[in-house]
Amino acid sequence: MTSTDRDFVHSIWDFFCSLKLTMALLIGLAAISIIGTIIPQGALPPEYVQEISPAKLKIYKSLGFFDMYHSWWFILMLYLLTVNLVACSIKRLPHIWKTIKNPVTIFSSAQEKSLSGVVSFPHAGDAAAAKDKVAVFLKSEFAAPLVSESDGDWHFFAQKTPWCRLAVYCVHLSVIIIFIGAIIGSLFGYKGFVNIMEGESISSVMSRSNKQIDLGFSLRCDQFSVAHYANGAPKEFKSILTVLENGKPVPDYTNARVIVNDPLTYKGITFYQSSYGNAGNYFFTVSDLDGKNPVSVTVAGQDSVTLPDGSSMHVTESTKDVSEFAPGLSGPAAQVELHSANGKTESFIVYANHPELNIQHAQQHGVGPVIHYKGAQERMYTGLQVAKDPGVEIVWLGCLLMVLGIYAAFFMSHRRIWVRIQNGIVTIGGNASKNQAGFQLHLERLVSKLKTELSGEKKS
Amino acid sequence: MTSSLMFNVTTFAYLISMLLFFAFLASRSKALGTAGMLAAYGGLLAQTVAIGLRWKESYDMGVGHAPLSNLYESVVFFSWTIVLIYALLDIKYKYRVIGAFVLPFAMLGMAWAQLGMNTGIEPLVPALQSNWLLYHVITCFLGYAAFAVACGISIMYLIKAACEAGGNSASGGMISMFPPIKVLDDLNYRAIMVGFPLLTLGIITGAAWANYAWGTYWSWDPKETWSLIVWFVYAAFLHARITKGWVGKRAAWLSIIGFAATIFCYLGVNLFLSGLHSYGGGGK
Ligand code: HEM
């Protein structure tokens with residue numbers, strides 16, 4: 001390798017180690033992430049497509065703005081951040097490791113110069129007695145010291161939580177672990193959706209990318225129900241589900257209750273309550289205004305039917321007991337929407353127990369038909385979100401490491417104290433990796449205490 | 001005693017506290033600073049009682065849940081956390097003037113909530129019926145509050161730095177009451193050192209909840225994305241301190257930008273963008 005080659009490699013290496021790159025990437029990621037919160041992502045709403053000019057649409061599309069968090073340039077920035085992290089750690093870790101593994105245990109004058117606030121004072125009695133006292137003192141007041149002799153002088157080194165210097169690297173590692181978990185999830189997992197009729201079962205689901213995915217077992221919906229608050233707001237959506245293996249219910253997964261915020265997981269696949277609907281039949285009798293020519297009409301779910309007079313009808317809502325909504329009335333009722341043959345649309349309620357109201361409504365409008373509600377055979381279906389993500393545990397591991405790492409990095413400190421006994425003089429100094437000012441105060445208190453102990457005065 | 005009465009008392013106390021702090025700035029009379037701080041503490045106490053009462057009242061109504069479920073309740077909680085973090089800072093460091101730059105955030109929040117929003121207690125929709133709501137909201141808002149305090153301190157930093165650069169450090173009687181510029185820089189860092197882990201926890205609990213409730217811990221929903229943007233900005237702030245050329249003024253600006261992004265994440269996303277989170281709809 002020529003020296004210019006080496007310079008080139010070096011400058012690339014320095015580039016990837018630099019904190020300037022980190023700043024640029026972090027601020028850059030923050031800035032470009034905004035795009036995806038303003039421009040719709042994924043399937044574009046038709047109103048948006050209409051509003052935007054075709055040229056703009058084309059540019060945005062080619063830049064990947066409509067799926068920007070998966071675009072090559074966004075992913076590239078995440079990769080650069082990772083490389084930056086790894087490079088920076090490779091560069092710094094050996095030094096940190098040495099600080100932890102091979103601490104400076106001799107309190108040389110060079111070491112003394114690197115500290116601020118070093119204190120010296122004479123001790124009473126002989127050096128051996130002072131040495132024992134200092135050792136005991138450090139052990140009880142700070143941490144057990146490493147004692148060594150050099151040129152007839154005694155050197156003490158004591159430290160607390162040296163490993164917390166690694167906390168920052170733990171945080172950095174956790175970022176990479178989270179990335180790995182996310183990649184595993186996107187490679188080996190899927191997100192899907194399935195509707196199950198009450199009483200029926202399914203054995204495959206549709207993924208977001210419209211692929212049929214075989215579950216390897218079956219899932220039956222035994223029941224679906226909705227509960228309301230007194231004010232009519234929804235309170236609970238509940239599916240009762242049973243897992244079937246070879247057509248037989250699996251004991252612990254029989255009649256399992258699934259509500260919003262309480263899913264069911266089986267063999268790594270999780271089912272979440274997401275939506276619901278009614279696919280049952282509604283029954284009506286439709287006649288002319290004078291009650292002649294009655295015919296039975298069945299409306300299936302959300303479908304609409306054509307009535308004998310050419311108008312069409314569908315059901316928008318139904319209830320088994322109308323009294324909650326209309327005091328004084330009782331029995332089943334349905335809200336229907338009627339599109340007359342002449343293009344008029346009206347929405348009204350028809351009752352099962354109050355035929356006179358149905359006739360009155362028709363009469364008020366002058367023309368037929370008269371519609372009587374005969375009740376419904378309800379058939380609910382439940383809509384379940386389906387997810388399989390084998391990387392999620394790794395992501396949580398990363399999150400745990402990150403939280404512990406950040407805590408240790410911010411709120412713990414590697415504190416060191418050196419003491420030397422030389423020619424009847426005790427010299428003491430120390431430092432901390434965080435909150436140096438606070439540590440200095442602590443050290444001053446220790447020094448004054450040590451001074452009293454070594455000066456030979458007895459505390460009374 | 002009802003919660004709504006106590007919330008009005010709180011708003012009034014924060015208003016008084018803010019005015020006392022302003023008077024303290026103008027007059028430099030120590031007594032006014034102490035009075036401002038006492039009013040803030042009184043407001044904090046009243047607000048704590050009020051939040052507890054509202055919690056109890058929701059149970060009396062039969063729709064019991066922690067008062068963290070809509071925009072009104074979240075703004076109230078936000079201003080509570082701001083004053084709480086300020087009080088802790090005050091107890092630890094005793095720089096009273098900081099109140100003049102922090103209490104306005106809490107006062108504005110309470111005034112907006114009391115005057116501009118529907119204060120009724122509503123039942124919880126199914127999507128919010130989870131203990132994760134509690135963990136998620138509490139961690140996020142404590143983090144936001146720490147950032148609010150850091151923002152107030154950064155504004156003080158920039159004012160003081162500008163005055164000192166202009167050479168008229170003697171002229172500003174007001175400015176002379178500010179803590180030294182080094183101390184402000186350090187306090188800014190300390191506030192963010194509290195806020196960053198809390199925001200991290202807030203994002204993680206949010207992801208855990210999303211994963212638990214609908215099977216994806218991250219879906220790039222605008223609120224999620226904005227919380228990540230905020231997180232990136234403060235991560236940049238933390239690294240700024242170990243990078244030459246980024247300390248001091250630039251760090252203070254990063255802290256202010258971070259808080260602006262925080263506020264956008266909290267309110268702007270719901271007002272201007274669409275998504276999964278529930279505090280939407282302005283006054284509703
Ligand atoms: C999302 C990505 C990152 C996060 C969440 C993160 C987080 C942190 C945290 C919390 C600290 C401690 C700061 C403090 O003590 O004030 C830190 C320090 C540090 N980070 Fe990062 N960091 C990230 C990316 C990076 C990258 C890409 C580099 C690459 C150069 C880097 C280099 C450093 C260095 C050199 C330190 C200081 C270490 C020391 O004080 O010995 N960080 N980081």
Side-chain angles (χ1 to χ4, degrees), chain A residues 18-20 22-31 33-34 36-38 40-42 67-70 171 181-182 185 191-192 227 229-231 233-238 259-263 270-274 385-389 392 395-396 399-400 402-403 406-407 409-411 435 437, chain B residues 62-63 122-133 186 190 193-194 196-197 200-201 203-204 207-209 211-226 228-240 242-246 254 257-258 261 269 272-275:
Chain A
S18 85
L19 273 158
K20 281 208 184 93
T22 313
M23 293 296 291
L25 286 173
L26 287 173
I27 293 176
L29 277 167
S33 294
I34 296 174
T37 67
I38 295 168
Q41 300 290 295
D67 191 16
M68 71 149 275
Y69 303 109
H70 303 101
V171 178
K191 304 270 153 31
Y229 288 109
N231 69 359
K235 182 176 181 182
E236 186 181 82
F237 308 117
K238 181 170 72 182
I259 59 174
V260 179
N261 273 313
D262 197 0
T270 309
F271 300 90
Y272 303 84
Q273 184 65 54
S274 167
Q385 200 115 296
V386 187
K388 181 181 165 184
D389 188 345
V392 77
V395 171
W396 297 144
C399 291
L400 182 71
M402 177 176 285
V403 170
I406 290 178
Y407 177 81
F410 285 174
F411 302 113
N435 192 11
Chain B
V63 293
E122 291 152 14
L124 273 187
V125 296
L128 295 184
Q129 292 166 10
S130 169
N131 278 338
W132 284 109
L133 173 70
D186 189 51
R190 276 163 202 268
M193 235 163 62
V194 171
F196 189 75
T200 308
L201 270 177
I203 294 175
I204 292 173
W209 184 14
N211 187 63
Y212 180 66
W214 55 83
T216 15
Y217 54 85
W218 197 262
S219 48
W220 295 106
D221 147 87
K223 192 107 176 168
E224 283 172 357
T225 309
W226 269 96
L228 192 66
I229 291 170
V230 172
W231 193 74
F232 279 141
V233 174
Y234 286 107
F237 174 92
L238 291 170
H239 291 90
I242 39 179
T243 318
K244 278 184 222 85
W246 267 92
L254 264 184
I257 291 170
V269 169
F272 304 116
L273 310 172
S274 62

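Lettering of chains follows the sequences in order, A, B, ..., and the numbering in each one begins at 1.
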Contact winner vs chain A - [options], heavy-atom pairs under 4.5 Å:
options                        : value
B:P197, B:A235, B:G215         : B:G215
B:V233, B:T216, B:L254, B:V194 : B:T216
B:W226, B:W218, B:W220         : B:W220

Could you state the interatomic distance from [atom1] ([X]) to [atom2] ([Y]), rounded to the nearest 0.5 Å?
X      : Y      : atom1 : atom2 : answer
B:N211 : A:D389 : CG    : CG    : 7.0 Å
A:I406 : B:T200 : CD1   : OG1   : 4.0 Å
A:T22  : B:L238 : OG1   : CG    : 12.5 Å
B:N131 : B:W209 : CG    : CH2   : 10.0 Å
A:Y69  : B:E224 : OH    : CD    : 10.0 Å

> Side chains of B:Y217 and B:I204: does their closest heavy-atom pair fall under 4.5 Å?
Replying inline: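 Heavy-atom side-chain distance check fails, nothing below 4.5 Å.
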> Hey, are the side chains of B:L201 and A:V403 touching, using non-hydrogen atoms and a 4.5 Å cut-off?
Replying inline: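 They are in side-chain contact.
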> Out of A:A387, A:S274, A:P263, which one racks up the most heavy-atom pairs below 4.5 Å with chain B?
Replying inline: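 The option with the most such pairs is A:P263.
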>> Which one wins on heavy-atom pair count under 4.5 Å against chain B: A:M402, A:Q41, A:K388?
In response: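 The residue among A:M402, A:Q41, A:K388 with the greatest pair count is A:M402.
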Between [X] and chain B, which part of the residue has a heavy atom less than 4.5 Å away: side chain, backbone, both or neither?
X      : result
A:T270 : neither
A:I259 : neither
A:L29  : both
A:A409 : neither
A:Q385 : side chain
A:Y407 : neither
A:V386 : neither

Atom group of [X] that falls short of 4.5 Å from chain A, counting heavy atoms:
X      : result
B:I242 : both
B:L228 : neither
B:A208 : both

> Is the backbone of A:K238 close enough, under 3.5 Å, to the side chain of A:Q273 for a donor and an acceptor to pair up by distance?
Replying inline: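 A pair under 3.5 Å: no.
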>> Ignoring hydrogens, what is the shortest heavy-atom contact between A:S33 and B:I229? Give both atom names and the distance.
In response: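 So the minimum-distance heavy-atom pair works out to CB-CG1, 3.7 Å.
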> Under 6.0 Å between the ring centres of B:F196 and B:W231?
Replying inline: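 Ring centroids of B:F196 and B:W231 are less than 6.0 Å from each other.
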